[in-house]
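These values consider heavy atoms only, across backbone and side chains, with no hydrogens, waters or symmetry-generated copies.
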Amino acid sequence: MLTLDLPAEPYWLELPRGVRVEIRPVTTAVMAAAQAAAARRLAAIRIADPELDPDMSRGLSFAFLVKALARHAVTAWEGVGDAAGKPLPLLPEAVERLMDLDDIAAAFWDRATAPVAAVAAEGNG
């Protein structure tokens with residue numbers, strides 16, 4: 001039996017370095033939007049650099065996917081500031097800069113996609 005216990009409302013994720021982000025549930029629409037955005041960015045780089053190293057291409061693909069997912073899913077944040085410690089407003093460019101930090105990006109990906117991964121692991125996906 002399929003268990004539909006995925007989040008339906010926005011919820012908070014605890015990330016490293018005292019950062020918290022509120023995200024909308026990672027639905028098919030949110031993930032498809034992120035995948036499309038990431039694919040467009042990678043395609044533009046491949047056009048500009050046809051000799052792009054395959055390992056770098058895979059790395060960029062994942063980085064772009066995490067950034068796009070964050071841009072589409074994050075609705076609020078806490079614990080993110082500028083060099084002077086002043087809280088930064090939630091802007092797409094700032095979300096991408098946050099996802100440039102490897103530990104933040106890895107934790108965000110794991111925690112944001114965990115509900116869907118848990119359903120798939122049960123054989124429900």
Practice item. State whether the side chain of W109 and the backbone N or O of L69 hold a donor-acceptor pair below 3.5 Å, judged by distance alone. Key: no
Exercise for review: Check which hydrophobic residues are tied to W12 through side-chain heavy-atom contacts below 4.5 Å, counting indirect links as well, and list them.
Suggested key: none
Revision key, fill the gap. Sorted by chain and number, sequence neighbours left out, side-chain contact (heavy atoms from CB on, under 4.5 Å) with A63 holds for none
Review point. Counting only heavy atoms not in R20, do more than 12 fall under 6.0 Å of its CZ?
Key: yes
Check your understanding: With sequence neighbours left out, what residues match D49 under salt bridge (Lys or Arg N to Asp or Glu O under 4.0 Å)?
Key -> none
Review point. So which heavy atom on A70 is nearest to which on V95, and how close?
Key: CB-CG1, 3.4 Å
Practice item. Using side-chain hydrogen bond (donor to acceptor under 3.5 Å, both in side chains) as the criterion, list what pairs up with D110, not counting sequence neighbours. Key: none
Check your understanding: To the nearest 0.5 Å, how far apart are CG in L15 and CH2 in W77?
Key -> 11.0 Å
Point to revise | Residues which pass side-chain contact (heavy atoms from CB on, under 4.5 Å) with P7, listed by chain and number, not counting sequence neighbours | key: Y11, P25, P115
Point to revise | Contacts of D103 that satisfy side-chain contact (heavy atoms from CB on, under 4.5 Å) - sequence neighbours left out | key: P16, R17, L101
Point to revise | Any pair counted as side-chain hydrogen bond (donor to acceptor under 3.5 Å, both in side chains), so long as it reaches residues 30-46, sequence neighbours left out | key: R41-E96, R46-S57
Point to revise | Nonpolar side-chain network containing L42, other nodes, edges under 4.5 Å | key: I45, L52, M56, L60, F64
Review point. So, for A34 and A68, which heavy atoms are closest and what is the spacing to 0.1 Å?
Key: O-CB, 3.4 Å
Check your understanding: Partners of R58 by side-chain hydrogen bond (donor to acceptor under 3.5 Å, both in side chains), sequence neighbours excluded?
Key -> D55
Practice item. Indicate yes or no: at least one non-hydrogen side-chain atom of V21 is less than 4.5 angstrom from one of E78. Key: no
Exercise for review: Kindly write out the residues that satisfy salt bridge (Lys or Arg N to Asp or Glu O under 4.0 Å) with R24, not counting sequence neighbours, or none if the list is empty.
Suggested key: none
Review point. If you group Ile, Leu, Val, Met, Phe, Trp and Tyr whenever their side-chain heavy atoms sit less than 4.5 Å apart, what else falls in with L91?
Key: none
Review point. For T75, which residues count as a side-chain hydrogen bond (donor to acceptor under 3.5 Å, both in side chains) partner, sequence neighbours excluded?
Key: E22
